[in-house]
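First comes the structure, then the notes that go with it.
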Number of protein chains: 2
Amino acid sequence: MSSPSSTPPERATLPAANPPSEKPSGANPSGPNLAGANLSALRDHNAAAVLALVRAAGSGVSRVELARASGLTAQAISKIVQRLGDDGLLVEAGRGASTGGKPRTLLALVPDARWAIGAQLGRDALTVLRADLTGRVVADRQVPIDLAGWGPGRVLDLLTEQVSWLLGAVPRERVLGVGIASPGPLDQHAGVLHQVTGAPSWDRLPLRDEVAGRLGLPALIEKDSTAGVLSGLGSPNRAFIHLDRGLGAGLVLGGTVQRGARTNAGEFGHQTLDPSGPRCRCGNTGCVEALWAAARNPREAAGVLGEAIANLVRLLDLDEIVLGGREVLAAPELYLAEIRAVLTDRLPDPTWQPVTVSVAPSGPNAVALGAAGLVLARLFG
Amino acid sequence: MSSPSSTPPERATLPAANPPSEKPSGANPSGPNLAGANLSALRDHNAAAVLALVRAAGSGVSRVELARASGLTAQAISKIVQRLGDDGLLVEAGRGASTGGKPRTLLALVPDARWAIGAQLGRDALTVLRADLTGRVVADRQVPIDLAGWGPGRVLDLLTEQVSWLLGAVPRERVLGVGIASPGPLDQHAGVLHQVTGAPSWDRLPLRDEVAGRLGLPALIEKDSTAGVLSGLGSPNRAFIHLDRGLGAGLVLGGTVQRGARTNAGEFGHQTLDPSGPRCRCGNTGCVEALWAAARNPREAAGVLGEAIANLVRLLDLDEIVLGGREVLAAPELYLAEIRAVLTDRLPDPTWQPVTVSVAPSGPNAVALGAAGLVLARLFG
DNA sequence: GCCACTTAATCCACGCTGTTGTTTAACTGG
DNA sequence: CCAGTTAAACAACAGCGTGGATTAAGTGGC
């Protein structure tokens, strides 16, 4: 309020006032600072921040480091760590090297303290998996389905069955919930699918509540490409490019997943890239997806994608691109090389460099793992 | 933690722990939840939330409404309003109609409790203005400059002089600071300009600290197009399209201004829209900016912009587009009509509708007013 | 014109948060 | 062995929003 020169203050995210209001302000779903916060929200926020810091550190962080990184006092960290320990989420795991005094006690996540279920509802396959707190997949399964042909009933039966298998003897109170990734468009707030192309029987299906009811677990739904961006940690300004049957992008900007006004952001495949290009199934001409499909060879196809990604990087000033989806996984080296080449060519200015391009390490599980990440976010904020 | 079905909890933004750590976590500038929050941060957050709600309401909100909208209890709102009143920011302004009991006491901002200075450093003009808490411009001035030719010294002298004139007898402790919008690229965190095209003498200039030092006021810098999006309230998912000498976009996504990894997001003019198009001054071919410039008539130019905006809306799921910049202001009706037509044509699917398209009401002051909004954000969060 | 009823806002006591100041624990180095 | 140093916990505390009771200020029936 008084220093003559200052950077904008660092900001953190914190849950809104919780106990009294289940759904605080009716309007303005993704509004900015309109929600107040009370003490329990503060506590939850700080607990989540500490957990996120421990997770980000990989293995072994001391309380001192947590205090420094969080901006909280050592005493506050002590208390928070104590609470998290009581909940079974954190344990002391060894000691660090002394720097001249008492050595630091290292803290680590208890991976199996909680579990998250992730599912990807694809057009021709259902992928389900169970992930621990560190985001490691401990069990996964992929079964063929026919999303449009079978209709919701049969697919949901199968989903329920698969999730039950995944959970086995895991105590249900240790399961954070089920995240379900689906092709868009959908309404994430309402938990309802919209008209999935070619699958009219799924239109207006209350997928979230249906799954939650069948399994007795909290459920969340997410667009597949958006889920993908949550499959791992990474830059606060990154995109997950999902090239499968269609082309989508999941966006994390300013450290936050971006879903847009109607939770349908990431429609990357239908960016017009060449108005004189081939007609696309969406009705317009020269969409990235259509140009990709019309490419004469894989290298050219990867180049088209690279052009579109270059646009994305420039527009949003990203520094990390993660690739996923079957088309990419079929020729990962080709896509990596070609996209990197286009980015270097199109963005020579150091203002836009460096940009890290990689293939999602979780491979074919990326989207389902991201869906699990959605429920993990309840702990990590 | 236990309800079987749940939407993701509403989130609010809150400043990080403040007193002890001026700059909490060295790394990860726009990281997510890595920063903890203490009680004073909680208080500041809630005060900002209440002020933002009062501002958003326009004129006259009661404590009851604030409690409902914020999720806080009536008692908490009472205390917060009291504190804000003591600071001179809020006053009671009349009574609402009774709904069967004691009528609600309406609260309103005190517009001249604090002031914000905004400046736009253009290539050929310097715009400065003073705005009150409601975002109303009470004084403004535009003077011609030659950014590239004059060099920093002369321009900064002029800026200092103009700001002093704007402030007049205003007590300096009531001035929140100076926001300065400039053509990019720049490093907002460091407060330093980069190579502004055609103006090498400005490269690496520590603009923020220079201005802060000369005026003895807090200063912030921002890309011009990004500043523009802060010139008024609006949807949590909106873009400001700035068509002047160049073409840029300011983005508010998820209720937060997005600046990207290197604070240079919004490079909208050099989105490739047609690889076979004319060569652009940036070196690539078929950039929106080049296509716009090559258009045979104004209507076609507006149509090119519309195509690019359609891409943007689809990618980010925006529901509001605000237009600004001299080229738009020269023919606002044409741009509005053409862009709306393209959007309706390209995005017939109700998933992407409605999208509001408008011209910034602050007109030629939009960017400078947005720069002022940058410092107002210190109060409103 | 009175009075029961309703709604708004405050008063007061309280629980819980992170903070400050102090003490104990555990290791380094001369 | 002991002074010095760093980590972590203990104890007292200030300040936040909460909950329950109280006061303020209207409406509407009779």
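Note on naming: letters A, B, ... go to the chains in the order of the sequence lines (proteins, then strands), and numbering restarts at 1 for each one. Just so it is clear, the structure is predicted and the values come from calculations on it, not from any experiment.
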[X] has an atom [atom1]; how far is it from atom [atom2] of [N], in whole Å?
| X | N | atom1 | atom2 | answer |
| --- | --- | --- | --- | --- |
| Leu107(A) | dA7(D) | CG | P | 13 Å |
| Leu72(A) | dC16(C) | CG | P | 20 Å |
| Leu39(B) | dT19(C) | CG | P | 7 Å |
| Leu84(A) | dG18(C) | CG | P | 11 Å |
| Asp44(B) | dG15(D) | CG | C1' | 13 Å |
| Leu42(A) | dG18(C) | CG | P | 5 Å |

Is there a donor-acceptor pair closer than 3.5 Å between any side-chain N or O of [X] and the backbone N or O of [Y]?
| X | Y | answer |
| --- | --- | --- |
| Thr263(A) | Gln188(A) | yes |
| His45(A) | Ala35(B) | yes |
| Asp187(A) | His189(A) | yes |

Minimum heavy-atom distance between Pro103(B) and Gly96(B), given as atom pair plus value: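 Scanning both residues, the minimum pair turns out to be CB-O, 3.2 Å.
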How far apart are the closest heavy atoms of Asp112(A) and Arg174(A), and which atoms are they?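 That closest heavy-atom pairing would be O-NH1, 3.3 Å.
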Taking salt bridge (Lys or Arg N to Asp or Glu O under 4.0 Å) as the definition, give me every residue that meets it alongside Asp132(B), ordered by chain and number, with sequence neighbours left out.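 With neighbours one apart ignored, the set is Arg136(B).
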Residue-phosphate contact under 4.0 Å: [X] side-chain N/O, [N] OP1/OP2:
| X | N | result |
| --- | --- | --- |
| Asn38(A) | dC16(D) | no |
| Asn46(A) | dG18(C) | yes |
| Ser40(A) | dG17(D) | no |
| Thr73(B) | dT18(D) | yes |

Under the rule for side chain to side chain contact (heavy atoms under 4.5 Å, CB included), what residues qualify as partners of Arg55(B), not counting sequence neighbours?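 Here the qualifying residues are Leu109(B), Leu233(B), Phe380(B).
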For Glu65(B), check side chain to side chain contact (heavy atoms under 4.5 Å, CB included) against everything at least two apart and list the hits.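 So Glu65(B) forms a side chain to side chain contact (heavy atoms under 4.5 Å, CB included) with Val61(B), Ser62(B), Arg104(B).
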No-hydrogen, no-angle side-chain donor-acceptor test under 3.5 Å, Ser235(B) and Asn237(B):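 The answer is no; no qualifying pair exists.
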Close residues, residues 74-83 of chain A, relative to DNA chain C [heavy-atom separation under 4.0 Å]: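 Residues of residues 74-83 of chain A under 4.0 Å from DNA chain C: Gln75(A), Ala76(A), Lys79(A), Ile80(A), Arg83(A).
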Neighbours of DNA chain C within residues 57-65 of chain A, by heavy-atom distance under 4.0 Å: none
Salt bridge check, Arg114(A) against Glu173(A): does any charged N sit closer than 4.0 Å to a carboxylate O? no
Should the pair Glu222(B)-Arg208(B) be classified as a salt bridge under the 4.0 Å nitrogen-to-oxygen rule?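 Salt bridge: no.
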Listed in order of residue number, which residues of residues 85-104 of chain A have a non-hydrogen atom at under 4.0 Å from DNA chain D?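 Output list: Thr99(A), Gly100(A), Gly101(A), Lys102(A), Pro103(A), Arg104(A).
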